[in-house]
Structures are given as C-alpha cells and as structure tokens.
2 protein chains.
Amino acid sequence: MKDEKKRGRPRGFDAKTAIAKAREVFWDRGFAAASLDNLSAATNLNRPSLYGAFGDKEDLYLDTLEAYRQDGMDVLAEALDPSLPLCDNLARVYSGALDIYLHGEIAARGCFLIGTATAEAIQHERVREVLGRSLNDFDGEIENRMHLAVERGELPGDADPQTLARLASAIMHSLAVRARAGDSRETLEAIARSGVELICASAERR
Amino acid sequence: MKDEKKRGRPRGFDAKTAIAKAREVFWDRGFAAASLDNLSAATNLNRPSLYGAFGDKEDLYLDTLEAYRQDGMDVLAEALDPSLPLCDNLARVYSGALDIYLHGEIAARGCFLIGTATAEAIQHERVREVLGRSLNDFDGEIENRMHLAVERGELPGDADPQTLARLASAIMHSLAVRARAGDSRETLEAIARSGVELICASAERR
DNA sequence: GTCATTTTATGCGAAACAGTACAAATGTTC
DNA sequence: GAACATTTGTACTGTTTCGCATAAAATGAC
C-alpha cells in the first residue's frame, strides 16, 4: 500500500505537518476568516503548492478536521484504557480534553470541531457531515466503554449505556464551548469533576 | 427616556426588525462569511444606512448577539415559571430551545451564540465577552431556580444549585451543537428527556 | 417658504481575496 | 547524459470585499 518512489521532483515538505500548521490557523480564526495568505505563511508553502497537495481551501479545511478527529479518537481510546476503573477513565478523558482546549496564544481555543466547524455546518454540507460523524464516533467509543462497565458490574445492570455516553459527551461539549468563551480552568475542572461524580454516583446507587 | 420627535428625515425602517433580519444572515453563514451585500439585501437597507444606524459589520453583529441573548433570557424566564414543578420547568426550557434550534431553511441552525460566536471568540474580544456573559447569565437564571427548589424541598437540602445548574446548561450546550451538526429531533428530544430525568432523579433520591 | 438636519441612493476606490498560468527547479527512469 | 514527471516560485486575473464620499430626498424649525 506504500507509495512507490515517485518520479519527478520530490516534495519539500511533509503533508502531515503542513496540515497541523494549517489547523492552527483555522483554529484561531475559523474557516471563513482564514485567508490563503495566512495559511501559506503558516505552512511555509505558497498557494500553488497548497492547491497541488490539498485542493482548495475547503478541501484543506476538511483535511484538518479529519486529522483532528483522528487525533481526538486516539486520545480518547488511550484515556478509556479498560484496565482502569470507569471513573478514572472519564476523569482522564476530561483532563486530556482540557489540556487541549485551554491552550492558545491569544485565548483558550476550545475544541477545534465545535469551535469552528459548527459555524460552517449550515453552508458546507461536507463540514456538517464530518462534524456529525465526529460527534457520533465519540459517543460510540464512550458507549462501548459503558457497555463494558455494565458487563463488569461497574455500572448497575439496568443502566443505559447510550444515555450515559451521551451525558458524558454533553459535559465535553459544554467544556468545549465554555473554554472558548473564556471560562477559567478552575470552573472547567469543577464541571468535569461533577460530570465524573454524576456517572460514578449512578454506579454506587445500585 | 423616549426620543423626542427628531429633526431631519425620519427613518424608513425599524431598527429591531433590521437586526432580526441581519441575525438570520449571520445565523446561517456565520459572522466572517456574511458579507455586507448579504446583510444589505436581507434588511433592504443599503450599506450607508447600515453604517449610519449600526456602525461596521462587527458592531452590527454584536447587536444581533445582544438581541438574541435578550430573547433567550426572556424565553428562559418564561419557561422557569416558578408556579410549575422544577422538572416541568426544565422540560419547557429544552423544548423551547429545540423549537428554535431545529428551525432553518437549509439545515437546523442550532444556537446562534454557540453556532457562530464561538468561531469568532478568539479574534474578537468583544464577541468572546458577550458569549461568556451570555452563558453565565443563562447559568445564573437556572441556578436561581435551583436555589428556590432547595428552599421549597423540590430538591434535597444538600443539593448544590450551582453544580446542578451547570449540568442543566451542559445539556443545552450539547443540544445546541448537535442540532447544528444535523442530529435528528428524536435524538435531541431523547437527550433532553434524560437531562430532565437526571435532575429530577436527584430530587427523588433524598 | 427657507434653512437646518437627518436619512437614503448611487457609485467610487483601494485593498484583499481565491485560484491559476507559466516557467524554473529538482528529481527519477531509461 | 537525455527525456520525462512533479514540485516550486513569481506574477497575474478577475472578483469580491469593506468602508466612505457625494448628492438627492424628506422632514422639522423658524
């Protein structure tokens, strides 16, 4: 599946790092307000190279969204390590998210998807599709862990994994929005803690 | 406080309805992607009139945000009618929100603030300020109702109104995002229902 | 009726924008 | 080394954008 050695002049850049740089621009400015000049400067690629490698601005944006989605799922899978108790898992999920959300040069950037893709979701159907799929995949991963928790007895037998997963996701969505709105780390951590307690309480109350 | 009869040519339009029309444009396209031509067409005002009445694009956007915030607080206050049980209140809050979020010509628009203001919150400090204030005011209004519920015995005496309010808000934030991501009404209503049950359960479990 | 004042309409201008043509550069294959 | 394939840099085009300058229109003050 690996590409054979290509003919012609080889690329002077790495596509993944270029996408990561572009993501920074989109993350701070949003899709619409990010100009190709901004992107060109951040990636050290001139416009023809960008077009050649990624297509137009929307294509590039979709690539950054997809990469973020993948990164997020990796972080999530790691945080949900099934050898740890469910409550530790959730605490790790939120803590990992906040580490990402609270970074930023100007202000806390929140979640890349929720912070920027929601704005374009109406006019750009492909963006809406990626956004919806990302949220669902995230829910699904947590739901799997909830199922496991029921099987193991970490949660009562009548607990509904889907509902609990959506609840856990709702806390994440709230953290994503609030971080970008400027809420303090203390506030966000308190919300995360109460989210963990909420789901853990439903375990103890059997 | 009412304006005296002004001299000069009177306005041929109503500022509030113009702001409402402009809001539709921003709601569908986001702030950055909405052009003054879009806004001019939607409001039936030419650009000089827009500038004269509202200032530049950002000023106008802030006006639409502020109007939305005010409308939202009015709807919220109505839904939280203290002569009804707390759980009915919450169900009304979510139901009222979904009525707004699920409207839209192209796709469901979600929450105007969360769907569009988050994207601009990094680069435009005033937008971030309005967004943060709106979220906090919303929390505060619900928190007040929670306090009342504790006093009345609708909630157990050791319930923390702030935490419960933030939890209730988190469900709202999730609905706002998911609606704009294209989730079905059924899914959103199920989430809303589980949110109500969650808080009501904490009342029954005393 | 005349003047002052404010709102409308037309249209301008300078800047930013996305996307591309073309040629130079840098590799591989034969 | 010659032919070819791909990437890179410069420069260009046509469009869209915002914000304003200027003048016409509509009203109140006198």
Going by side chain to side chain donor-acceptor pair (under 3.5 Å), name the residues that satisfy it together with A:Tyr61, two or more places apart in sequence or in a different chain. A:Thr116

Can you list the residues that meet the side chain to side chain donor-acceptor pair (under 3.5 Å) rule with B:Arg126, with sequence neighbours excluded? B:Glu58, B:Asp59

Side chain to side chain contact (heavy atoms under 4.5 Å, CB included) filter on A:Glu125, not counting sequence neighbours, yields A:Arg128

Measure the distance from CZ on A:Arg11 to P on D:dT6 and round it to the nearest whole Å. 12 Å

Between A:Phe54 and A:Phe13, what is the ring plane arrangement, given parallel below 30°, perpendicular above 60°, and tilted in between? tilted

Which donor-acceptor pairs under 3.5 Å do the side chains of residues 22-32 of chain B make with protein atoms, sequence neighbours left out?
unit_1	atom_1	unit_2	atom_2	d
B:Arg23	NH1	B:Asp71	OD2	3.4
B:Arg23	NH2	B:Asp71	OD2	3.3
B:Glu24	OE1	B:Arg109	NH1	2.8
B:Trp27	NE1	B:Arg109	O	3.3
B:Trp27	NE1	B:Gly110	O	3.3
B:Arg29	NE	B:Asn38	OD1	3.4

Has A:Asn46 got a side-chain N or O lying under 4.0 Å from the OP1 or OP2 atom of D:dT8? no

Phosphate-side-chain proximity, B:Ser49 and C:dT8, N/O vs OP1/OP2 below 4.0 Å: yes

Which residues pass the side chain to side chain contact (heavy atoms under 4.5 Å, CB included) test with B:Asp74, sequence neighbours left out? B:Gln70

Once base and sugar-phosphate atoms are separated, protein heavy atoms under 4.0 Å mark nucleotides 15-24 of chain C, 5' to 3', with B, S and - as --SBBBB---

Using a cut-off of strictly less than 4.0 Å between a heavy atom of the residue and any atom of DNA chain C, enumerate the qualifying residues of residues 12-22 of chain B by number. B:Gly12, B:Phe13

Does anything in residues 78-88 of chain A pair up under salt bridge (Lys or Arg N to Asp or Glu O under 4.0 Å), and if so which pairs, sequence neighbours excluded? none

All salt bridge (charged side-chain N to carboxylate O under 4.0 Å, His left out) counterparts of A:Asp63, not counting sequence neighbours: none

